[in-house]
Amino acid sequence: MSFQELNLHPDILKAVEEEGYTSPTEIQLMAIPKVLAGHDLRASAQTGTGKTAAFILPALNKLIVRSTSRARGPRILILVPTRELAMQVTAKAVAYSKYLPRMTTVCIYGGAPYPVQNRQLSQPYEILVATPGRLIDHMERGRIDFSRLEMLVLDEADRMLDMGFIGPVEQIADATPKQRQTLLFSATLKGNVLKLSERLLSDPQEICVHAQRTKHESIDQRLLLVDNMNHKIRLLHHLLREEASQQTIVFTATKRHADELVDILLEEGHHAAALHGDMNQRQRTRTMERMRQGKIAVLVATDVAARGLDVHTISHVINFDLPQSTEDYVHRIGRTGRAGAKGIAISFAAPKDKPLVRDIERFTGQTMTPVTIPGLEPTHKPRPAAPKQDRNRRPPFRQRERVSKGRPVQEPTERQGTASPTFQKRDGAPKPRRYSHSPKRAAHAPR
Ligand code: AMP
């Protein structure tokens, strides 16, 4: 089936064609007719499936009919968990609506200055893309008028709940008109996400796209057993030197690890940069832009910061530290193998990580192929049986955002790396810690 058969406006189709899309993805085929027909929808779909276009295209189609209301607020509200995803969704909304007159998208998220957002919110606009915390903040200051809102989209709802946004999401939904159309997209439709959808959606249609299985067929997933931190660093050097052909994202568990690793890589002559939540928004945007322009070869990132990063030339994802959850694993490796390209995901795992590796394999339905690099094999012997309880496993991700009475809601933060081991240089000398990372790094990193 082609985009032409989906009954979308020719001006939207023209923009879609310019994006280089030749045919709709599975989720687009399933979702667009239902959204155009006015149904509420809950969809289980991962990032990388084309889910953003699955809701933005029909939403834009609806906006072509002029609103009868004279109010100034948004007609479509898209809630997303992170500022990176907010920026990515906004970029897509702008691209898909480029041939539609009077179609303005406003993007608001925490960590950015208020005056620009206040100005944008005071002018007429149709689409609002927002993270829940900052949106509540603007709502409490009386800057948002939801009276003409027609559609509420919850993107990556599971992630929003993981981040502790359940209260803010419900508060926002309560402030919108009851007769709105509501769409919920989530990696899974279980537990709290399902309960939330039951509260917010009315007689919803449901679709399920097994994204990670389809998607990850284009990603070669490998497992490298590691002894310790020094072994990881030697393996990373080898992979970056011998294997990584285009751009690589290296994921670390903490911001401090990311900074320290970038220092080591810069010293080794790699075009490396960090991306994490301690950097201000300007630095993060600039880093992502340089990544897109191919000026950075190795991006060392944490989970929160890298969500939504959409760079088609990322050939390798390296899990220097394994993620905390299976969902994070899926999101991480989804940074490669994008838009039909092949990708390689390599995970470093210590013996204590085995239960997590098993969880990930169960979740994705795929095995990570154990590989060794000659001369860099692990020295430990594999143990025959898995321990009953893995005490070394990292603690569960803490809830990082709460609404407190009368106080603005904070954007999510990442874990501090206080308990993690200090990196060692290759000669075994302890690496001095550096905390004033960003400006220095910007100056060091090749442009
Ligand atoms: P998403 O799952 O929305 O993050 O989209 C993943 C990637 O697929 C993005 O780079 C989109 O630009 C791209 N994409 C979305 N729809 C299509 C399509 N129909 N054909 C090809 N690429 C697409």
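Numbering of ligands and ligand atoms starts at 1, following listing order. FYI, the numbering just counts along the sequence from 1.
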Check your understanding: Under 30°, 30 to 60°, or over 60°: which ring-plane class applies to Tyr96 and Tyr21, parallel, tilted or perpendicular?
Key -> perpendicular
Practice item. Using the ring-ring contact (aromatic ring centres under 6.0 Å, His included) rule, take Phe185 and Phe55 through it: C-alpha gap first, then chi angles, then the decisive distance, then the call. Key: CA-CA 9 Å; Phe185 289 78; Phe55 59 80; 5.1 Å; yes
Test of proximity, [X] against ligand 1: N or O pairs below 3.5 Å:
{"X": "Tyr96", "result": "no"}
{"X": "Gly50", "result": "yes"}
{"X": "Tyr21", "result": "yes"}

Exercise for review: Using the side-chain hydrogen bond (donor to acceptor under 3.5 Å, both in side chains) rule, take Glu18 and Tyr99 through it: C-alpha gap first, then chi angles, then the decisive distance, then the call.
Suggested key: CA-CA 11 Å; Glu18 283 185 16; Tyr99 295 112; 2.5 Å; yes
Near [X], which atoms of ligand 1 are under 4.0 Å from a heavy atom of that residue?
{"X": "Phe3", "answer": "19 (N)"}
{"X": "Thr52", "answer": "1 (P), 3 (O), 4 (O)"}
{"X": "Ser23", "answer": "18 (C), 19 (N), 20 (N)"}
{"X": "Thr25", "answer": "17 (C), 18 (C), 19 (N)"}

**Study point:** Heavy-atom gap Ala54 to ligand 1 smaller than 4.0 Å
**Key:**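 The answer is no: ligand 1 sits nowhere under 4.0 Å from a heavy atom of Ala54.
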Review point. Any non-hydrogen atom of Gln88 lying under 4.0 Å from ligand 1?
Key: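 Right, Gln88 reaches ligand 1.
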Practice item. Measure from NZ or CZ of Arg141 to the centre of the six-membered ring of Tyr114, then state whether that distance is under 6.0 Å and the direction lies within 45° of the axis. Key: yes
Point to revise | Residue pair Ile127 / Leu63, side-chain heavy-atom distance below 4.5 Å | key: yes
Review point. Would you find more than 12 non-hydrogen atoms of other residues, nucleotides or ligands less than 6.0 Å from Glu17 atom CD?
Key: no
Practice item. With heavy atoms under 4.0 Å as the rule, classify the contact between Gln28 and ligand 1 as side chain, backbone, both or neither. Key: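 It is the side chain that touches ligand 1; the backbone stays farther off.
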Check your understanding: Under the side-chain hydrogen bond (donor to acceptor under 3.5 Å, both in side chains) criterion, do Tyr329 and Gln221 qualify, and how do the steps go?
Key -> CA-CA 11 Å; Tyr329 176 83; Gln221 297 175 58; 2.7 Å; yes
